[in-house]
Participant: 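Take a look at the following structure, please.
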Amino acid sequence: MNTALLKDFIYLVPEIFVLCLGILILGFDLFIPERFRRRYIINLSVWGLLLSLVLLVYAPAKGLILGNMVSIDAYGVFFKGIIILSTVFALTMARYYAPIKDEVIGEFSALVVFAALGMMFMVSSSDLLMIFLSVEFVSIAFFVLTGYIKNDPKSAEGALKYFLIGAFSAGIFVYGMSLVITSTGTTNLKAMTEILRGPGAYSPLFICGFLLMLVGFGYKIAMVPFHSWAPEAYEGAPTPVTALLSTASKAAGFAVLLRVALAAVTGKGDLVMALAVLSALTMTAGNLMALQQNNVKRLLAYSGIAHSGYILMGVVAACSGTAPALGITSVLLYAFVYMLMNIGIFAVIIAFFNKTGSDDMQSYSGFSKSNPYLALVLVVFLVSLAGIPPTAGFIGKFYVFSAIIQAGQKFLWLAIIGIMNSVIALYYYFRIAYFVYFGEQKDERKVELSTGLAVIAGVTAVLVLLACIYPDPFISAAAGSVLNLW
Amino acid sequence: MMLVPFIGISAIIFAIGVYGALTRRNAIGILMSLELIFNAANINLVAANKFLNLENSIGIIFPIFVITIAAAEAAVGLAIILSIYRQTKTVYVEKINIMKW
């Protein structure tokens, strides 16, 4: 037995802890009577995950471990922080989300924790084999989670569409990987970087392989033209799962995409330009389709596609070779602020759904008259998603745009398209705000806000405002995570 | 090079799989086409291992993981298809459209 390999497991303590937590929840589920399950199991998983967050902060950074399969670095820790935080928020939401019944809450929590584990491996994997395994780990967990509401045809339909597109793009992804492995002769990203510096490394076989791999990543981050699952899955899935899908899953997808893109296409003009075109397509298509939506969850799916386009601008800047550090920082920062505002808005949506049983935009009419505070918080998140100061969304957008402008003249068109898109987005975000404040009040009942949801909405709203008024700690955390990527 | 015929045949199988996945109306049929795509990748990897002498025989190990993942994915997929069949009494994807575009 290779003892050096065994010693490496000490750096995986947070992951091992989360794995044990998942198994513990499954076991615990058997012994707790149904009426206590909701409270105890969610509490156990939330506090367990918070403990793993502490372990994560104190776990030493090492670099490549386990035969260069996994990279333990500050970059991964930053993303793992985003993942664990959004999982904690999503589980807390699930406690107050009625369609998930008491008898299945244990399995549900275990699956969510396992999905978080998969995403933690995803962001730190630095080998194509590990990337494939962890991406599929997460996908399979999310297929099940999306269809979790029993006897709801919408949920099953969302799961089916998510599954078919997910499995299809996974197949294309692994085929692309096989081409990349055939042309470079290695699965390791670090070795690949060195091989690609040599002459003639960018063979047609490699370029085909990389573009096919991009399909797999594109599906994970809901990039046009691989986005069509997003609205269906977001609308059909239980709302806590939607929140998790749109934050943690997307952040993890970007983490692994950026790692691969930095290794494979840094300074390779044509491929970076392909990414830039995809970015422009993604944000434009997302925003234009969001204009016609009436279901708030569906609207947020399209807005999420548009936001993927903005984050892709940061990826383009990182790979352009002229502004790598700023590009990576902007991706990290945007993933974090996007997590905050999306989690917050989904908490408000769940609170509203619990009262009215509806996600339609019209049913938000006159929301401000019955719930002035909650309406105010909702508007803060909408303003942040639109990217207007003084909210976190502005800081995220500011960094992404400055990164793409620093990347050089040839990406200036992308920045212009991005700014035009931000203007389009104003319309549909403020349409919700219009209904909330000026719509005719139909329902005079007050939304009864449970403690957990109030805490989530409050904490994220404060952080969203804080990130713009006093952004230094957020920016320095993101900038500090760029170092030692290899 | 000896590798080229293998890449060619895997590309053909991949193309058949993609065509099947895009044109089939039956969800089970789509699942079967997906298996073809996964197997095209496996052929590539095993051939690469034979002719390029990959480090740690990764070309043999990778397909084992691919096969396992494909099986896991098919299991979850069949479960989802079963649950949708119970509610709508159909597995034809064009008939499963409560949510509009």
Participant: Need one label for A:Met177: side chain, backbone, both or neither, based on atoms under 4.5 Å from any heavy atom in chain B.
Facilitator: side chain

Participant: Top residue by heavy-atom pair count (under 4.5 Å) with chain B, among A:Thr186, A:Asn188, A:Thr182?
Facilitator: A:Thr182

Participant: Where on B:Leu36 is there a heavy atom nearer than 4.5 Å to chain A: the side chain, the backbone, both, or neither?
Facilitator: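 Contact with chain A: none, neither part.
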
Participant: So which of A:Ser178, A:Gly171, A:Ala191, A:Ala156 has the biggest tally of heavy-atom pairs under 4.5 Å with chain B?
Facilitator: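 When all of A:Ser178, A:Gly171, A:Ala191, A:Ala156 are compared, A:Ser178 has the most.
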
Participant: Sequence neighbours left out, what passes ring pair (Phe, Tyr, Trp, His ring centres under 6.0 Å) with A:Phe206? Give chain and number order.
Facilitator: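 So A:Phe206 forms a ring pair (Phe, Tyr, Trp, His ring centres under 6.0 Å) with A:Tyr202.
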
Participant: If you check every heavy atom in residues 83-90 of chain B against those of chain A, which residues fall under 4.5 Å?
Facilitator: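 At a heavy-atom separation under 4.5 Å, chain A is reached by B:Ser83, B:Ile84, B:Gln87.
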
Participant: Given that the side chain runs from C-beta out, which part of B:Ala11 has a heavy atom under 4.5 Å from chain A: side chain, backbone, both or neither?
Facilitator: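 Both parts, backbone and side chain.
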
Participant: Among A:Pro231, A:Gly147, A:Gly176, A:Ala170, who wins on heavy-atom pairs under 4.5 Å with chain B?
Facilitator: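 Most pairs with chain B among the choices: A:Ala170.
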
Participant: Given a strict heavy-atom distance threshold of 4.5 Å, which part of A:Asp152 is in contact with chain B: side chain, backbone, both, or neither?
Facilitator: backbone

Participant: Please list, chain by chain and in numerical order, all residues satisfying side-chain hydrogen bond (donor to acceptor under 3.5 Å, both in side chains) with A:Ser246, sequence neighbours excluded.
Facilitator: A:Asn342

Participant: Under a 4.5 Å heavy-atom cut-off, does chain A meet the side chain of B:Ile43, its backbone, both or neither?
Facilitator: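 Answer is neither: B:Ile43 stays 4.5 Å or more from chain A.
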
Participant: Using a 4.5 angstrom heavy-atom cutoff, name the option from B:Ile30, B:Ile80, B:Val93, B:Leu54 with the most pairs to chain A.
Facilitator: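 Maximum pair count with chain A is reached by B:Ile80.
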
Participant: Which heavy atom in A:Ile172 sits nearest to a heavy atom in B:Ile37, and how many Å separate them?
Facilitator: N-CG2, 3.9 Å

Participant: Any residues in residues 69-77 of chain B near chain A, with a heavy-atom distance under 4.5 Å, and which are they?
Facilitator: B:Ile69, B:Ala72, B:Glu73, B:Val76, B:Gly77

Participant: What part of A:Phe168 is in contact with chain B, defined as an atom under 4.5 angstrom from a non-hydrogen atom: side chain, backbone, both or neither?
Facilitator: both

Participant: Going from CG on A:Asp127 to CD1 on B:Ile58, what distance comes out if it is rounded to the nearest 0.5 angstrom?
Facilitator: 6.0 Å

Participant: Which region of A:Thr187, side chain (C-beta onward) or backbone (N, CA, C, O), has a non-hydrogen atom less than 4.5 Å from a non-hydrogen atom of chain B, or is it both or neither?
Facilitator: side chain

Participant: Which region of A:Leu205, side chain (C-beta onward) or backbone (N, CA, C, O), has a non-hydrogen atom less than 4.5 Å from a non-hydrogen atom of chain B, or is it both or neither?
Facilitator: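 Side chain only.
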
Participant: Tell me, yes or no, whether the heavy-atom count around B:Phe51 atom CZ, taken from other residues, nucleotides or ligands under 6.0 Å, exceeds 12.
Facilitator: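 Atom CZ in B:Phe51 is packed in, count exceeds 12.
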
Participant: Quick one, A:Phe132 and B:Phe62 - any side-chain contact, counting heavy atoms below 4.5 Å?
Facilitator: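 A side-chain contact under 4.5 Å exists here.
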
Participant: Could you have a look at A:Leu133, A:Ile181, A:Leu164 and say which one has the most heavy-atom pairs with chain B under 4.5 angstrom?
Facilitator: A:Leu133

Participant: Side chain, backbone, both or neither: which part of B:Ser10 has a non-hydrogen atom closer than 4.5 Å to chain A?
Facilitator: both

Participant: Given a strict heavy-atom distance threshold of 4.5 Å, which part of A:Phe163 is in contact with chain B: side chain, backbone, both, or neither?
Facilitator: side chain

Participant: Starting at CG of A:Leu179, measure out to CD1 of B:Ile7 and round the result to the nearest 0.5 Å.
Facilitator: 7.0 Å

